[in-house]
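Here is the structure we will look at.
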Amino acid sequence: MAIRIKPPTHSIDQGGIHVASSDCWDNDRIEREKDILVSKKLAEVQEAAVQKYLAQHPQATEAELEEVRQSCKLTEEEKLEAAKAHPVARYFAGETRLQLDAPDWDHEGKPVTAREYLTGTPTEFYVRRLTWRQYRDTSAISQSHKRWEEFVRLGLRRIKSEGYTWELDRNTDRVPDDIMQSIHDADHSLITWLGLAVAQYNQPLTEVEGRSKAVGA
């Protein structure tokens with residue numbers, strides 16, 4: 001049975017939470033379930049090929065049909081596309097607006113959230129909506145490292161970790177240098193990934209989100 005992505009259940013206006021890919025994700029479980037999604041996609045392709053063959057050869061034997069099945073292969077692009085349906089892959093792609101607790105569906109079509117794939121207490125980076133001018137001007141920065149840094153400066157509003165919490169001062173709209181330094185010291189690539197997360201979170205509504213908002217208006 002094919003896995004279908006249901007209409008969005010995440011809130012369009014709620015803030016997002018980024019958890020780094022290097023944090024306490026259950027990667028073994030995630031990869032195992034992605035493999036199952038790929039296998040399901042292959043089974044769909046095989047079934048379609050068998051039905052096409054039967055339409056042309058109604059008297060085909062089971063051995064011939066098995067040969068048809070074995071001849072079916074997925075391209076690397078098809079494998080990647082199938083794996084993208086996983087809830088954690090959708091979370092990192094920004095398709096649930098970085099909402100860890102948004103209802104989603106696992107490889108078997110059962111309700112699940114991205115948070116359920118965490119094995120401990122992660123460091124959570126809370127991101128916020130930018131104004132249209134902030135998003136436009138920051139997106140136009142040509143140097144990528146400066147663009148991602150500016151997205152973090154403007155879009156990060158809170159950090160929550162085990163035994164540590166920081167929140168943006170109400171009197172400022174930019175992350176200060178000492179916090180940027182602490183993020184950099186924790187992981188030199190983290191500012192880049194945080195910047196990408198802020199940019200993803202602030203992307204225009206998708207077609208599906210637009211329809212959902214119109215229905216709920």
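- In this structure, R129 is positioned above the aromatic face of Y201, its NZ or CZ under 6.0 Å from the six-membered ring centre and within 45° of the axis.
- Residues W166 and L156 have side chains in contact (heavy-atom distance under 4.5 Å, counting atoms from C-beta outward).
- The two atoms that bring T113 and A102 nearest to each other are CG2-O, 3.7 Å, heavy atoms only.
- Partner of E124 under the salt bridge (charged side-chain N to carboxylate O under 4.0 Å, His left out) criterion, out of R157, R158, R115: R115 alone.
- Between Q134 and T138, the closest heavy-atom pair is O-OG1, 2.7 Å.
- With salt bridges taken as basic N to acidic carboxylate O contacts below 4.0 Å, none links R69 and E64.
- Checking each of L130, T192, V127, I191 against F151 for a side chain to side chain contact (heavy atoms under 4.5 Å, CB included) leaves exactly one that passes, namely L130.
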Under the criterion side-chain contact (heavy atoms from CB on, under 4.5 Å), I'd like the reasoning laid out for I179 against I159: C-alpha separation, chi angles, the key distance, then a yes or no. CA-CA 10 Å; I179 298 301; I159 302 173; 3.9 Å; yes

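- Between E76 and K79 there is a salt bridge, since at least one side-chain N of the basic residue sits less than 4.0 Å from a carboxylate O of the acidic one.
- Put simply, CD on E47 and SG on C72 are 10.0 Å apart, with the number rounded to the nearest 0.5 Å.
- With respect to the salt-bridge test (charged N to carboxylate O, under 4.0 angstrom), the residues R153 and E149 qualify.
- Both L154 and Y126 are members of a single hydrophobic cluster when ILVMFWY side chains are connected at heavy-atom separations under 4.5 Å.
- Between R174 and E150 there is a salt bridge, with a side-chain nitrogen of the basic residue lying less than 4.0 Å from a carboxylate oxygen of the acidic one.
- Classified by interplanar angle (parallel below 30°, tilted 30° to 60°, perpendicular above 60°), the ring pair W25/Y91 is tilted.
- Of all the heavy atoms in P122 and L118, the pair that sits closest is CG-CD1, 3.7 Å.
- The neighbour count for E66 CD, taken as heavy atoms of other residues, nucleotides or ligands under 6.0 Å away, is above 12.
- In this structure, D106 contributes its side chain and P87 its backbone to no donor-acceptor pair below 3.5 Å.
- A donor-acceptor contact closer than 3.5 angstrom links the side chains of Q181 and D185.
- Note that CG of L54 and CG of L65 are 5.0 Å apart. Values are rounded to the nearest 0.5 Å.
- Here I30 contributes atom CD1 and Y117 contributes atom OH; the two are 7.5 Å apart, rounded to the nearest 0.5 Å.
- Remark: side-chain polar atoms of T172 are not paired, donor with acceptor, to backbone N or O of D169 under 3.5 angstrom.
- Between P204 and Y135, the shortest heavy-atom distance links the atoms CD-OH, 4.1 Å.
- The existence of a salt bridge linking R29 and E33 is confirmed by a sub-4.0 Å separation between a basic side-chain nitrogen and an acidic carboxylate oxygen.
- Within a 6.0 Å radius of CD in Q56, other residues, nucleotides and ligands contribute more than 12 heavy atoms.
- The environment of CD in E162 is sparse: at most 12 heavy-atom neighbours from other residues, nucleotides or ligands sit within 6.0 Å.
- Tracing side-chain contacts under 4.5 Å through hydrophobic residues (I, L, V, M, F, W, Y), one never reaches Y164 starting from V19; they form parts of separate clusters.
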Would I141 and W148 count as a side-chain contact (heavy atoms from CB on, under 4.5 Å) if you check the C-alpha gap in whole Å, the side-chain angles of each, and the deciding distance to 0.1 Å? CA-CA 9 Å; I141 297 174; W148 305 136; over 6 Å; no

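- Closest approach of G155 to V198, counting heavy atoms only: CA-CG1, 3.9 Å.
- Using a 4.5 Å heavy-atom cutoff, the side chains of R128 and L168 are in contact.
- Atom CD1 of I36 is separated from atom CD of E31 by 11.5 Å, given to the nearest 0.5 angstrom.
- Ring planes of H18 and F92: perpendicular class, angle over 60° (limits at 30 and 60°).
- Of the possible donor and acceptor atoms, none in the side chain of H184 sits under 3.5 Å from a partner among the backbone N and O of M180.
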Step by step, would you call D23 with T123 a side-chain contact (heavy atoms from CB on, under 4.5 Å)? CA-CA 8 Å; D23 214 316; T123 297; 3.9 Å; yes

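- Neither L37 nor L80 shares a network with the other; the hydrophobic side chains, linked directly or stepwise wherever heavy atoms of I, L, V, M, F, W or Y lie under 4.5 Å apart, form separate groups for each.
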Please test V88 against K34 for side-chain contact (heavy atoms from CB on, under 4.5 Å), starting from the C-alpha separation and ending with a verdict. CA-CA 10 Å; V88 175; K34 284 182 178 180; 5.9 Å; no

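- Heavy atoms only, all atoms of each residue included: G195 and V152 are closest at N-CG2, 3.4 Å.
- With values rounded to the nearest 0.5 angstrom, N202 atom CG is found 8.5 Å from S139 atom OG.
- Atoms CZ and CD, from R97 and Q99 in turn, are 9.0 Å apart once rounded to the nearest 0.5 Å.
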